[in-house]
Number of protein chains: 2
Amino acid sequence: MTIAEVSRKYDISPDTLRYYEKIGLLPPVPRNKSGVRDYDAASCQWIEMMKCMRAAGVQIEARSEYVALYRQGDATLGARRELLLEQRELLMARMADMQRSLDRLNEKIALYERPNSAACPPEREGAGPAE
Amino acid sequence: MTIAEVSRKYDISPDTLRYYEKIGLLPPVPRNKSGVRDYDAASCQWIEMMKCMRAAGVQIEARSEYVALYRQGDATLGARRELLLEQRELLMARMADMQRSLDRLNEKIALYERPNSAACPPEREGAGPAE
DNA sequence: TCTTGACATGGAGTCCACTCCAGGTGATAC
DNA sequence: GTATCACCTGGAGTGGACTCCATGTCAAGA
């Protein structure tokens, strides 16, 4: 697949795809004889993996570390597993934070649903619903 | 409360607190006669609100818009409610994305738990567990 | 009175994750 | 053969969200 096709398929700009490869977020993509990228199945799986990690909020540094470990072969299986476990902890913590935010947001919206509510936070001291 | 106390209480640096106020993420904080900030209950509630919105991934622009609407008074109740509803949608979408990522992460970790697994993605074509 | 320390301000600098651009190459269409 | 087009590269630029810094003020303690 060309970079344009991959870009459409995963909704990631060609510039970003090249950037990811340059900084090691993707292992080198195969090229045709004129040096043009020709993404294969493995490349696509890495792209999906990176999209997934990005959506999970994993920093670029941790993502490239994972790729680097992978490319060093089986000796790094343990380290890769550790990295994923650590990122899972971080992800779950972020999700818990977001859930708390969502709960608060829902409370606040509920206040706006009541007519005449002063809808918090109060301008200064006292007035407005307790939070 | 002084900026240092608030900083400790909410784990937000004094620089960030001043920055938030400067760009309108917090309504002006009361000052003592020498111009030093003296955070009151309302200021603290705004800080909590901003921490909450930040944890929810709300951009600074949307947060300052909310504050600006609030400061314009009751005429903007509807607009504020709309803004919160919109941000709730975005938040729920992000959480759904993260849940998908978590599911995938768990699958991947499961592969690492099995001894001798080739642990994806494959280096090139074929080998390695299907995803 | 002098020093210290917490605070103030405006503005510059940093970091992350892209995003854009100038200049160049190779394959295809006319 | 030349125009067009998609692609290439290295490097500069951008936007968001801080973070740091030089310089200055004020109140309190030695």
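By convention in this document, chain letters (A, B, ...) are assigned in the order of the sequence lines, proteins followed by strands, and residues within each chain are numbered from 1. Quick note: numbers below take in every heavy atom, side chains included, and nothing from hydrogens, waters or symmetry partners.
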Among the nucleotides [options], which one has an atom lying closest to any side-chain atom of [X]?
{"X": "A:T16", "options": "D:dC8, C:dT19, C:dA8", "result": "C:dT19"}
{"X": "B:S34", "options": "D:dC26, D:dC7, D:dC18", "result": "D:dC26"}
{"X": "A:Q59", "options": "D:dA17, C:dG10, C:dA17", "result": "C:dA17"}
{"X": "B:R54", "options": "C:dC18, D:dC18, D:dC7", "result": "D:dC18"}
{"X": "B:Y20", "options": "C:dT9, D:dC18, D:dC8", "result": "D:dC18"}
{"X": "B:R63", "options": "C:dC20, C:dC7, D:dC18", "result": "D:dC18"}
{"X": "B:K22", "options": "C:dG10, C:dA17, C:dA8", "result": "C:dG10"}
{"X": "B:R37", "options": "C:dT9, D:dC8, D:dA17", "result": "C:dT9"}

Handout entry: 5' priority, DNA chain D, between B:D15 and A:D15 [closest heavy atom]
Key =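 The 5'-side residue here is A:D15.
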Problem - Lys/Arg N to Asp/Glu carboxylate O, B:R18 vs B:D15, below 4.0 Å - result: yes
Exercise for the section: Please check the phosphate of D:dC8 (OP1 and OP2 only) for any side-chain N or O of A:R18 closer than 4.0 Å. Expected result: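 So the side-chain polar atoms of A:R18 do come within 4.0 Å of the phosphate oxygens OP1 or OP2 of D:dC8, strictly under.
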Problem - Presence of A:R31 side-chain N/O under 4.0 Å of C:dG26 phosphate oxygens OP1/OP2 - result: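 For A:R31, the contact criterion (side-chain N or O under 4.0 Å from OP1 or OP2 of C:dG26) is not met.
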Handout entry: Step-by-step salt bridge (charged side-chain N to carboxylate O under 4.0 Å, His left out) determination, A:R100 to A:D103
Key = CA-CA 5 Å; A:R100 272 191 292 279; A:D103 293 344; over 6 Å; no
Problem - Distance in angstrom units between A:Y10 OH and C:dC18 P, rounded - result: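 In whole Å, C:dC18 P lies 17 Å from A:Y10 OH.
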Practice task
Mind calculating the distance between CG (A:N32) and C1' (D:dC7) to the nearest angstrom?
Solution key: 10 Å
Practice task
Taking the six-membered ring for Trp and the full ring for Phe, Tyr or His, determine whether the centres of B:Y20 and B:W46 are under 6.0 Å apart.
Solution key: no
Practice task
Go through the side-chain N and O atoms of B:R80 and A:Y112 and say whether any donor and acceptor fall under 3.5 Å apart.
Solution key: yes
